[in-house]
Amino acid sequence: ELYVGNAKQAAHFYKTAFGFQSLAYSGPETGVKDRASYAIRQNKLTLLLTTPIRANNPIADHIFKHGDGVKALALTVEDATSAWEETTKRGGKSYMKPKTLSDKHGEVVMSGIHTYGDVVHLFIERENYRGPFMPGFRKWESNYNPPETGLQYVDHCVGNVALGQMNPWVKFYEDVMGFRNILSFDDKDISTEYSALMSKVMSNGNGFVKFPINEPAEGKKKSQVDEYLEFYDGEGVQHVAMATNNIIETVTELQKRGVEFLNIPSAYYDTLLDRVGHIDEELNALKRLGILVDRDDEGYLLQIFTKPIEDRPTLFFEIIQRKGAKSFGKGNFKALFEAIEREQEARGNL
Ligand code: FE2
């Protein structure tokens, strides 16, 4: 769930630019008096866009402080009551006690705890629900339905936390959520001439949920994480990676629809095949679109990063296609961060 300044317009943007489909709506017309929410979906990706409709409202305060940003990362669970009881017993701070929502389509049980910054995790139990989205929402039938762009599911969601806070949040995901640290990057892996960061990837038991946690590291100039923390006015979600089965088709379509991506210098492609070996995709297509490639022991991955999707240099999206690789593109960090630094420089924030 994103809190945004204008959910009606944001929904139009995500439909037009990314190919999300209208799913459900709640607001004054459905009996919710303080906010409007639009649920949009593409395959297994579901975004909920929420805006306050009055000033005196915690959602309005959130937007005043952070701008548009991710409020909740919701996780499907078998039992939202025991998920809340267990995580709060282990030290998680409650955001929402278990509550049951019901309508003619069945019932949903939800609960939630706080994580870094103002972000929360919601636990959603929906085995007994057959409606379009959630109780309290009505189906959203729209006459405007741009086609999908091939986006499939959330691959990972990355959080930016303050200096010294990565390891405490790693411990939170281990102790409270029962996650494991599956990968770590230090400032030697992730540094350019100017800026550096450290990152640890936390994952649940079946490996489907992946939450990398970044913190800034000492560099000559302000790191991209520092810039985020300054403009988001605190910790929060830096990017959401959305998977596709055909990145060339998806990115071609997204660019046609106006999604802006970071520019990668053409020199990156001069030595790419020496570095990653044989790939199925045509090099020229990757070069034209600015898609990055990296290989690990298990295969390779293709990825590309949007520019921030609002005026604050905060939240952005990654598009990723995995061909065996389970890693996060370590070989691309340098090229990627240099591209981000060129954007920071243009904003006067490097
Ligand atoms: Fe990523």
Side-chain angles (χ1 to χ4, degrees), residues 2 18 44-45 47 69-70 73 115-116 119 151-161 166 169-170 173 179 181-187 189-192 195-204 207-217 223-225 227-229 232 235-245 247 250-251 254 259-262 264 268 276 286 289-296 298-309 313-341 343-344:
L2 287 86
F18 287 94
K44 290 182 177 172
L45 281 157
L47 299 183
V70 173
L73 295 169
T115 177
Y116 50 82
V119 183
L151 298 173
Q152 299 293 330
Y153 59 87
V154 174
D155 186 273
H156 58 276
C157 297
V158 181
N160 277 342
V161 301
M166 178 180 70
W169 285 110
V170 163
Y173 279 100
F179 283 28
N181 176 208
I182 56 166
L183 276 173
S184 299
F185 306 102
D186 64 21
D187 50 347
D189 297 317
I190 316 183
S191 70
T192 61
S195 64
L197 66 85
M198 297 188 288
S199 189
K200 288 187 176 175
V201 183
M202 304 308 295
S203 180
N204 72 325
F208 289 159
V209 182
K210 296 181 286 282
F211 293 147
I213 311 286
N214 293 338
E215 82 167 50
S223 85
Q224 51 171 302
V225 180
E227 188 194 35
Y228 176 99
L229 294 169
Y232 198 71
E235 301 177 340
V237 173
Q238 179 207 40
H239 74 268
V240 177
M242 305 191 287
T244 169
N245 297 323
I247 197 165
T250 295
V251 173
L254 295 177
V259 177
E260 295 180 330
F261 293 94
L262 292 176
I264 301 301
Y268 171 86
V276 301
L286 301 176
L289 296 166
I291 294 168
L292 305 169
V293 188
D294 194 29
R295 186 178 283 279
D296 64 21
E298 293 169 285
Y300 67 97
L301 62 82
L302 305 107
Q303 60 187 171
I304 189 169
F305 298 83
T306 72
K307 292 183 180 179
I309 45 93
T314 54
L315 178 66
F316 60 89
F317 289 96
E318 172 182 350
I319 312 299
I320 185 167
Q321 182 179 5
R322 293 187 179 276
K323 294 193 142 178
K326 296 202 181 76
S327 52
F328 293 82
K330 181 172 156 179
N332 292 326
F333 287 166
K334 192 164 161 40
L336 169 65
F337 293 173
E338 285 171 354
I340 292 174
E341 283 169 9
E343 301 283 319
Q344 272 184 269

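Because the structure is predicted, anything quoted here is derived from the model rather than measured. Both ligands and their constituent atoms are indexed starting at 1 by order of listing.
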Item to check | Residue pair Tyr300 / Val276, side-chain heavy-atom distance below 4.5 Å | outcome: no

Checklist entry - Any donor-acceptor pair under 3.5 Å linking the side chain of Arg322 with the backbone of Ser327? => result yes

Checklist entry - Do Glu318 and Val240 come close enough that some side-chain heavy atom pair is under 4.5 Å? => result no

Checklist entry - Do side-chain atoms of Asp294 reach the backbone of Gly331 as a donor and acceptor pair under 3.5 angstrom? => result yes

Item to check | Main-chain N/O of Val201 paired to Asn181 side chain as donor or acceptor, under 3.5 Å | outcome: yes

Next on the checklist: I'd like to check the ring pair (Phe, Tyr, Trp, His ring centres under 6.0 Å) partners of Tyr173; sequence neighbours left out, ordered by chain and number.
Outcome noted: His121, Phe179, Phe211

Item to check | For the Fe ion (ligand 1): protein N/O/S atoms at distances below 2.8 Å | outcome: 3

